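Just so it is clear, the model here is predicted, and its values are computed rather than measured. Residue indices begin at 1 and follow the sequence shown.
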Amino acid sequence: MFGIEHGLGAKPTGTAAGFMTRNTAKQNEHCLKNFDLTKYLQVLSHLSIQIYQQLIKIAEAILQPMIVSAVLENESIQGLSGVKPMGYRNRSSSMANGDSSYTLDSIIRQLNTFHSIMSDHGLDPEIVQQVFKQLFYMINAVALNNLLLRKDVCSWSTGMQMRFNISQLEEWLRGKNLQQSGAAQTLEPLIQAAQLLQLKKKTSEDAEAICSLCTSLTTQQIVKILNLYTPVNEFEERVTVAFIRDIQIHLQERNDPPQLLLDFKHMFPVMFPFNPSSITMDLIHLPASLNLEFLNRV
């Protein structure tokens, strides 16, 4: 019915008269003549925002328990299960938390369910895009935060698994025509973290390559991952202190904020578009159960 952007100090945009320009002549005949709805735009704005935020809250509560197991720990590439960091071969943190049953397919099935529900209820495509951008941001934030806190998943093999899992999520977005939603872009820090785990970490040239690649990670995040990195076998060297100092020198001009963990509860501003309806009042069927027989069609 109207366009709203929810953000700091945002207000409903547009006026009833402005929206009437998008109507057909027949629709304008059915407009209210003696009642102005303009003053109710703010009320409808607040209600729309509350409904949207509740939708996100419910969806995030369902997805969040799946993320670490599905993105970081699930063996989506067969044969890498035996290639684990030295000293962690018998560890399975997900099993201890009862989350080992979650795979990437679990997340994709849930995303399909969300998409089907919103499509069946006729949500505008712009709203659907914003919902999935928000959900993919949370997937990125939760997975990256866990990576930054766990030495057992900071390895070459985990980097391989992560990149494959992320590619499956990107493919899902393409399959649902959500490339323009901005959801894929929210995964960039996680993609770069996966690549960082796979890159060589010895020479000054390697340091330059890492710095030029990891533009979506803060200096603190890059250094943390390098400090946590654990070789997968005795033939692979640990990241040296000198190499990490070289990285810090290369990145000192960035002036990054001292941020390690992402705020996975961050909410993007939401925009509710005005999409005019093609339905005219005389085509609306009123169910008898509403007891509105006193209304006359005009």
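Side-chain contact between Asp124 and Phe272: absent, with no pair of heavy atoms (C-beta onward) separated by less than 4.5 Å. With a 4.5 Å cut-off on side-chain heavy atoms, Gln220 and Pro257 do not count as touching. Residues Tyr102 and Gln110 form no side-chain contact, since every pair of their non-hydrogen atoms from C-beta on lies 4.5 Å or further apart. Put simply, the side chain of Leu173 does not reach to within 4.5 Å of the side chain of Gln179, judged on heavy atoms. Side-chain atoms of Glu293 and Leu286, non-hydrogen and from C-beta on, never get closer than 4.5 Å to each other. Side-chain contact check for Trp172 versus Leu178: some heavy-atom pair is nearer than 4.5 Å. In this structure, Arg238 and Thr230 have side chains that are in contact, with non-hydrogen atoms separated by less than 4.5 Å. Between Cys211 and Ile247, the closest side-chain pair of non-hydrogen atoms falls below 4.5 Å.
Separation of atoms CG (Leu169) and CD1 (Ile108) is listed at 5.5 Å; rounding is to 0.5 Å. To the nearest 0.5 Å, atoms CG (Leu104) and CD (Glu75) are separated by 13.5 Å. Summarising the geometry, atom CE belonging to Met138 is positioned 13.0 Å from atom CG belonging to Leu262; distances are rounded to the nearest 0.5 Å. Separation of atoms OG (Ser157) and CD (Gln198) is listed at 9.5 Å; rounding is to 0.5 Å. Atom CE of Met267 is separated from atom CD1 of Ile56 by 5.5 Å, given to the nearest 0.5 angstrom. To the nearest 0.5 angstrom, Leu260 atom CG is 10.5 Å from Leu217 atom CG.
At distances below 3.5 Å, at least one donor-acceptor pair connects side-chain atoms of Asn146 with backbone N or O atoms of Val142. A distance-only check finds no donor-acceptor pair linking the side chain of Asp246 to the backbone of Phe243 [under 3.5 Å]. No side-chain donor-acceptor contact under 3.5 Å links Ser45 to the backbone of Leu41. Between the side chain of Gln221 and the main chain of Leu148, no donor-acceptor pair closer than 3.5 Å is present. No side-chain donor-acceptor contact under 3.5 Å links Thr158 to the backbone of Cys154. In terms of modelled atom types and a separation under 3.5 Å, the side chain of Lys201 and the main chain of Leu196 share a donor-acceptor contact. Checking side-chain atoms of Asp256 against main-chain N and O of Thr218 turns up no donor-acceptor pair under 3.5 Å. Between the side chain of Asn165 and the backbone N or O of Val71 there is at least one donor-acceptor pair closer than 3.5 Å. Side-chain atoms of Gln134 come within 3.5 Å of backbone atoms of His266 as a donor-acceptor pair (strictly under, hydrogens ignored). Put simply, the side chain of Ser167 gets close to the backbone of Phe164: a donor and an acceptor are under 3.5 Å apart.
Under a cut-off of 6.0 angstrom, the local environment of CZ in Arg254 is crowded, with over 12 non-hydrogen atoms contributed by other residues, nucleotides or ligands. Shown here is Gln180, whose CD atom has no more than 12 heavy atoms of other residues, nucleotides or ligands within 6.0 Å. The environment of CD in Glu253 is sparse: at most 12 heavy-atom neighbours from other residues, nucleotides or ligands sit within 6.0 Å.
Scanning for ring pair (Phe, Tyr, Trp, His ring centres under 6.0 Å) contacts around His115 gives Phe132, with sequence neighbours left out.
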Is there a side-chain contact (heavy atoms from CB on, under 4.5 Å) between Phe264 and Leu144 once you walk through the steps?
CA-CA 10 Å; Phe264 66 90; Leu144 184 61; over 6 Å; no
Let's go through Leu55 and Met118 carefully: what are the C-alpha distance in whole Å and the side-chain angles of both, what is the deciding distance for side-chain contact (heavy atoms from CB on, under 4.5 Å) to 0.1 Å, and is it a yes or a no?
CA-CA 10 Å; Leu55 169 63; Met118 287 186 282; 4.3 Å; yes
Side chain to side chain donor-acceptor pair (under 3.5 Å) between Thr186 and Asn140, worked out:
CA-CA 7 Å; Thr186 66; Asn140 171 82; over 6 Å; no
Carefully, step by step, assess Gln192 and Glu188 under the rule side chain to side chain donor-acceptor pair (under 3.5 Å).
CA-CA 6 Å; Gln192 293 183 8; Glu188 194 59 33; 3.3 Å; yes
Let me see the working for Val131 and Phe114 under side-chain contact (heavy atoms from CB on, under 4.5 Å), right down to the final yes or no.
CA-CA 9 Å; Val131 168; Phe114 291 152; over 6 Å; no
So His250 and Ser204, side-chain contact (heavy atoms from CB on, under 4.5 Å) or not? Walk me through it.
CA-CA 10 Å; His250 278 89; Ser204 180; 4.1 Å; yes
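There is no path of hydrophobic side-chain contacts, each under 4.5 Å, that joins Leu226 to Val241. Cluster membership check: Leu228 does not share its hydrophobic cluster with Val153, using side-chain heavy-atom separations under 4.5 Å among Ile, Leu, Val, Met, Phe, Trp and Tyr. No chain of hydrophobic side-chain contacts below 4.5 Å, direct or via other Ile, Leu, Val, Met, Phe, Trp or Tyr residues, connects Ile117 to Phe136. Ile249 and Leu199 are not part of a single hydrophobic cluster, where members link through side-chain heavy atoms under 4.5 Å apart. With hydrophobic clusters built from ILVMFWY side chains whose heavy atoms lie under 4.5 angstrom apart, Val43 does not share a cluster with Leu47.
Taking a cutoff of 4.0 Å between a charged side-chain nitrogen and a carboxylate oxygen, Lys200 and Glu237 do not qualify as a salt bridge.
For Glu126 and Asn275, the side-chain atoms include at least one donor-acceptor pair closer than 3.5 Å. A donor atom on one side chain and an acceptor atom on the other are not found under 3.5 Å apart for Asn74 and Thr103. Side-chain polar atoms of His46 and Gln50 form no donor-acceptor pair below 3.5 angstrom.
A pairwise comparison of heavy atoms in Pro269 and Gln130 identifies O-OE1, 3.9 Å as the closest pair. Taking all atoms of both residues into account, the shortest heavy-atom contact from Asp152 to Arg150 is OD2-NH2, 2.8 Å.
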